[in-house]
Amino acid sequence: MFTRTQFESACKGYAAKHQHKHWTWSNAYLSRTSLLHRSSRTLDDGDDDRDPATASPALHDLLTLQQYVVYSPTFRVPTFYFTIHDSTGTPLPLGDIVHSSLFKFQPDGETTTFALTLSAAPFPLLSQGEHPILGTPCWYLHPCESDAAVSELLSEISQVGRSEEMKLVGWMEMWFMTVGTVLDV
């Protein structure tokens, strides 16, 4: 768990160490913008078991993904927020988001207009809410189990001899790795 000051130090250290990932610190959060593809197949005969070599090529629509890592004062951990828009600037509905290349797998669970809850999960994996600093609508990964997941991973790594800043950056790296099991961050 972080204080707000530790969060800022961890984010700045992470952005400096991983410049190739294009995260930037902006007053109170990390942010970056990237482009994704939304793919769909053109079905000539409706047969989903076709040979990929003879299937029609995928149709692509360029998507703009704005990503934010924001401090959650409630859970005292980073929270991943994002918006995703098509080439006309229209926000994608949740059903399209989970089928975009942002997700590493097709989540199995209940999808509503405002949330995605995995089967047998007590809380939504993904919800829609207001960005806590910008005040704009965003999607976010629920942060309540972040500390437990990252702490479990870090318990397997020796922290001896590491400076406080290195420990904080290491925590952020593990957090990104954890988020990266679901999303392509």
Side-chain angles (χ1 to χ4, degrees), residues 11 14-15 18 20-50 52 55-72 74-75 77-146 149-150 172 175-185:
C11 288
Y14 181 87
H18 299 280
H20 64 283
K21 296 185 179 183
H22 307 289
W23 286 100
T24 57
W25 178 255
S26 177
N27 294 334
Y29 57 90
L30 282 174
S31 66
R32 75 175 180 181
T33 301
S34 58
L35 300 175
L36 300 175
H37 285 98
R38 172 176 48 190
S39 298
S40 61
R41 291 243 169 240
T42 304
L43 300 177
D44 297 330
D45 57 4
D47 183 5
D48 292 332
D49 296 326
R50 293 174 294 162
S56 299
L59 300 175
H60 296 283
D61 184 17
L62 199 56
L63 304 173
T64 301
L65 174 64
Q66 295 173 298
Q67 302 168 73
Y68 310 95
V69 179
V70 181
Y71 181 72
S72 168
T74 304
F75 297 101
V77 295
T79 305
F80 184 78
Y81 283 81
F82 69 93
T83 62
I84 187 166
H85 299 82
D86 67 18
S87 57
T88 67
T90 304
L92 263 62
L94 184 55
D96 288 353
I97 291 171
V98 298
H99 290 96
S100 74
S101 59
L102 175 62
F103 273 82
K104 289 191 169 181
F105 63 91
Q106 294 303 304
D108 179 31
E110 179 184 350
T111 303
T112 66
T113 306
F114 302 105
L116 167 65
T117 305
L118 297 179
S119 301
F123 54 87
L125 169 70
L126 186 66
S127 297
Q128 190 174 47
E130 186 175 287
H131 188 292
I133 297 164
L134 300 176
T136 57
C138 284
W139 294 99
Y140 67 94
L141 290 179
H142 203 281
C144 72
E145 295 296 326
S146 295
V150 171
M172 285 298 293
W175 179 81
F176 270 104
M177 187 176 77
T178 303
V179 170
T181 62
V182 177
L183 302 177
D184 187 16
V185 291

side-chain contact (heavy atoms from CB on, under 4.5 Å) assessment of Glu145 paired with Thr178
CA-CA 11 Å; Glu145 295 296 326; Thr178 303; over 6 Å; no

I would like to know whether Ile133 and Tyr68 meet side-chain contact (heavy atoms from CB on, under 4.5 Å); could you show each step before the answer?
CA-CA 10 Å; Ile133 297 164; Tyr68 310 95; over 6 Å; no

Heavy-atom pair of closest approach, residues [X] and [Y]:
X	Y	answer
Leu92	Asp86	CD1-N, 3.5 Å
Ser100	Ile97	OG-O, 2.7 Å
His142	Phe75	CE1-CZ, 3.9 Å
Pro143	Ser72	CG-OG, 4.3 Å

If you measure from [atom1] on [X] to [atom2] on [Y], what distance do you get to the nearest 0.5 Å?
X	Y	atom1	atom2	value
Ile84	Trp139	CD1	CH2	11.0 Å
Thr79	His131	OG1	NE2	10.0 Å
Leu65	Leu183	CG	CG	9.0 Å
His85	Thr33	NE2	OG1	10.5 Å
Ser34	Asp184	OG	CG	8.0 Å
Leu63	Thr83	CG	OG1	11.0 Å

Using a 4.5 Å cut-off on heavy atoms from C-beta on, say whether the side chain of [Y] contacts that of [X].
X	Y	answer
Gln67	Trp23	yes
Val69	Tyr29	no
Met172	Cys11	yes
Leu126	Leu141	yes
Val70	Tyr140	no

Check for a donor-acceptor pair, side chain of His22 on one end and backbone N or O of His20 on the other, with a separation under 3.5 Å.
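Yes, the answer is positive, given that a donor and an acceptor are paired below the 3.5 Å cut-off.
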
Is Ser101 reaching over with its side chain to a backbone N or O of His37, donor-acceptor style, under 3.5 angstrom?
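Pair found, side chain donor or acceptor close to backbone of His37.
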
Aromatic ring pairing Phe80/Trp175, orientation class (parallel under 30°, perpendicular over 60°, tilted between):
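Ring orientation of Phe80 relative to Trp175: tilted.
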
Is the distance from the ring center of His18 to that of Phe176 below 6.0 Å?
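No, the ring of His18 stays outside the 6.0 Å limit from the ring of Phe176, centre to centre.
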
